[in-house]
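All remarks here apply to the structure that follows.
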Amino acid sequence: MRTTKMYWAIACKAMVISLLVSCQKEQVEPEDSSQQFNLEESDTLQMIKLGKKLENPYSVVNMRKAWESLQAKSKVSKDGEIKATHLYVKFKPKDEDELAILKTDSTLVLYDVPLDHEMSEEGEFYHDPELPIDQPTYQYASIPVSQEIPKDVEFEILEELFIPDEEIDSDGDEKSSFASKETIYQLVDESLHLTGNMDEGEIGGSATAKSKWRPSGIIRVYDHVTQSYVGVSGVKVRARRWFTTRRGFTDSKGRFSCNGRFRRKANYSIKWDRYQYSIRSGTFGQAILNGPKKRGDWIVRLGKSTSNVVDDRQQYYALIHQGAHDYYYGGRFGLTSPPRNSFFRRQLKIAARLKNDRSSYVKARRIWFGSDISLMEWRTRSDFVYGTIVHELAHAAHREVDRRAYNAVVWDAWTGPCTSLNGCNNPGPTGKNRRRLLETWASTVEIVFALQRYQNKYNLTNYDYKRNKYQNQRIDFNLYYTSAGYDMIDNVNQQQTYGIHYPKDRVKGYSIKQLEDALRGARSWEQWRNNIRNRYNNSSEQYLNELFNNWKD
């Protein structure tokens, strides 16, 4: 523990100041831009500890020894042409830019931990202790010799591999140019035996008689609204045996089936990322879930049904993933996507912080260091975790809708006021006006996604999100996180329902896509309203001024 604390203490000094915007719905104070890496929080995260380095049964050298052993036992007669089929590669990305280059190659199956080591202690992430915390950890992969290795990232070839059984264990026709299936199985078994890597309970080559099996299972997370374990969709599940990985993606019920088979046990795992985004364990480490080494289905239940808040880290990651996956890969009501990964742009990083006493935020500008979004919904309800990541992604997507207008609004709302004598808590009339635009829009998206998940997907018709979709929220409750966006969609007049202290709302019938399109060119609360009126025909547009005037600076 002392070594871990010293490591994180050094890591703290590597942090830089970042420019931030947007706060959690229940607070109006932004995250302190001078806040350093939180040592106390990092101590609650357990880093994976590596065990001993294993002798590699798939190295060309050991496979040749195994073949010679089979010859000596008269199990094979001819000489075997054993040469490298794969390369075991260690990538050394110097920064997020170089890591992004690796991640844009979908053929690479990257691991944060070495593939030829035991793990002596499980944890939520791994970062090589020899590297500074602000530098990505090494990435390990098995790459076919016919595949080009990315040249823009420093790498080291750790070993030449001979993997003859990968071809015959995959789907399709079981053919190999090297030898028969039986001979290949004997060779692999012999190399495992000679290197001391036979699975516990196996004697000699007894596994050759076992039928092959396909990794599959179900990933579920406990949800406080449904009060049940529900499927987590879009999760990339990996099953690895040494240097061979099979992958599968969960469906809407959380079920998955991998794209290949094994004869022996395999190590299940989840790396909480997709091509478009990555979830960080705390501030920097990649969030992962290491499952069992087993033969058979992997049935996962994340979170505790006995707790009324999210206090399980893997449950936290799963809910964050679900919100991000729905925004990036779901229908998203035709809305603009948050920043997308590409050759010139990097994967969006989400820090899953174990806090809920400060504001969640998205950075005002993307920089090639650290995380783009810091989420601080630890120990809150599952739908709040889901809704908050959608809220922050809505800010990031707002930037994609109109970058110039968004940057101008952010400057007036946060950057300028937070560097002036007024301070972030008193931004003045202009700052308040711009904050209201930013937060009302993101809150509208948050509400719509939450209702889609719980009312439509899970058929909970009586479900209401946060103060009845902000509908029973007094005008003076919050000047920034208002109900105005959802008010233009629904047909409820709060003042008529709840009384004079609530918004007068006679606007209805706009779509959320129309509201987003009206953000183009909108640099103030009033410009957004005017764009909505001028660009669309709506029978209630005469009441737009009345609705927007409910909230005054």
Side-chain angles (χ1 to χ4, degrees), residues 20 22-32 35 38 40-42 44-45 124 220-230 232 272 277 279-283 287 289 301-327 350-362 371 373-395 439 442-455 457-458 460 463-473 477-478 480-481 483 486:
L20 313 173
S22 174
C23 56
Q24 185 182 4
K25 278 69 62 195
E26 302 306 323
Q27 300 182 24
V28 297
E29 182 180 359
E31 178 75 4
D32 183 357
Q35 183 181 3
N38 189 286
E40 181 180 355
E41 180 183 75
S42 67
T44 68
L45 295 169
E124 286 80 30
R220 294 193 181 103
V221 64
Y222 187 77
D223 191 286
H224 302 108
V225 178
T226 66
Q227 297 184 349
S228 64
Y229 286 91
V230 299
V232 188
W272 291 108
Y277 60 87
I279 300 171
R280 299 301 180 90
S281 180
T283 306
L289 170 59
R301 286 188 165 192
L302 305 175
K304 302 182 292 292
S305 61
T306 55
S307 176
N308 58 4
V309 295
V310 175
D311 55 7
D312 176 275
R313 291 182 186 125
Q314 296 299 331
Q315 179 189 23
Y316 197 35
Y317 302 148
L319 292 165
I320 296 170
H321 156 83
Q322 195 63 75
H325 180 269
D326 289 353
Y327 212 134
I350 303 168
R353 303 288 300 279
L354 302 185
K355 298 170 73 70
N356 68 359
D357 59 330
R358 299 298 299 263
S359 334
S360 296
Y361 61 84
V362 59
S371 299
I373 292 174
S374 284
L375 199 82
M376 304 190 194
E377 284 288 329
W378 181 244
R379 295 191 64 82
T380 61
R381 268 184 16 175
S382 52
D383 55 336
F384 292 179
V385 176
Y386 178 87
T388 302
I389 186 57
V390 167
H391 182 104
E392 301 307 331
L393 286 169
H395 283 302
E439 302 304 341
S443 298
T444 305
V445 179
E446 174 186 2
I447 292 169
V448 170
F449 268 80
L451 296 181
Q452 170 68 18
R453 175 172 172 81
Y454 293 104
Q455 284 190 352
K457 181 176 181 179
Y458 295 121
L460 300 175
Y463 170 77
D464 283 316
Y465 183 69
K466 285 192 174 180
R467 295 180 178 272
N468 189 20
K469 305 178 286 293
Y470 291 13
Q471 296 300 290
N472 61 350
Q473 177 172 294
F477 179 80
N478 199 305
Y480 308 126
Y481 300 90
S483 62
Y486 195 74

S281 side, atom OG; L289 side, atom CG - distance, nearest 0.5 Å: 11.5 Å

E392 side-chain N/O to I373 backbone N/O, donor-acceptor pair under 3.5 Å: no

Main-chain N/O of T380 paired with H224 side-chain donor or acceptor, under 3.5 Å: no

Donor-acceptor pair, side chain of S307 and main chain of V309, under 3.5 angstrom: yes

Closest contact, heavy atoms only, L393 versus G323: CD1-O, 4.3 Å

Working for side chain to side chain contact (heavy atoms under 4.5 Å, CB included), residues D464 and Q471: CA-CA 10 Å; D464 283 316; Q471 296 300 290; over 6 Å; no

From D383 atom CG to L319 atom CG, the distance as rounded to the nearest 0.5 Å: 9.5 Å

Whether Y222 side chain and V310 backbone form a donor-acceptor pair below 3.5 Å: no

4.5 Å side-chain heavy-atom contact, Q314 and W272: yes

Note, I447 side chain near Y470 side chain (heavy atom, < 4.5 Å): yes

Worked check of side chain to side chain contact (heavy atoms under 4.5 Å, CB included) between V230 and R453: CA-CA 11 Å; V230 299; R453 175 172 172 81; 3.9 Å; yes

Shortest non-hydrogen separation from A324 to I389 and the atoms involved: N-CG2, 4.3 Å

Step-by-step salt bridge (Lys or Arg N to Asp or Glu O under 4.0 Å) determination, K304 to D311: CA-CA 8 Å; K304 302 182 292 292; D311 55 7; 3.0 Å; yes

Polar side chain donor-acceptor pair, D223 to Y458, under 3.5 angstrom: no

Stepwise side chain to side chain contact (heavy atoms under 4.5 Å, CB included) check, F384 with K466: CA-CA 8 Å; F384 292 179; K466 285 192 174 180; 3.5 Å; yes

Main-chain N/O of Y481 paired to Q473 side chain as donor or acceptor, under 3.5 Å: yes

Trace of the side chain to side chain contact (heavy atoms under 4.5 Å, CB included) decision for T388 with I320: CA-CA 9 Å; T388 302; I320 296 170; over 6 Å; no

Sidechain-backbone polar pair: Y316 side chain, R353 backbone, donor-acceptor under 3.5 Å: yes

Non-hydrogen atoms of W378 and D312 that approach each other most closely: CH2-N, 3.5 Å

Candidate pair D326 and Y386, rule side chain to side chain donor-acceptor pair (under 3.5 Å), full reasoning: CA-CA 10 Å; D326 289 353; Y386 178 87; 2.7 Å; yes

Spacing of CD belonging to Q227 relative to OG belonging to S382, to within rounding of 0.5 Å: 10.0 Å

Least distance between heavy atoms, S371 atom then A351 atom: OG-CB, 3.5 Å

pair F449-H391: side-chain heavy atoms closer than 4.5 Å: no

L375 side chain reached by I279 side chain, heavy atoms, under 4.5 Å: no

Derivation of the side chain to side chain donor-acceptor pair (under 3.5 Å) call for H321 and Y277: CA-CA 9 Å; H321 156 83; Y277 60 87; 2.9 Å; yes

pair L460-Q455: side-chain heavy atoms closer than 4.5 Å: no

A352 versus Y317, closest heavy-atom pair with distance: CB-CE2, 3.7 Å

Minimal non-hydrogen separation, N308 against R381, with atom names: O-CG, 4.1 Å

Neighbour count above 12 (heavy atom, 6.0 Å) for R379 CZ: no

Derivation of the side chain to side chain donor-acceptor pair (under 3.5 Å) call for E446 and Y465: CA-CA 9 Å; E446 174 186 2; Y465 183 69; 2.5 Å; yes

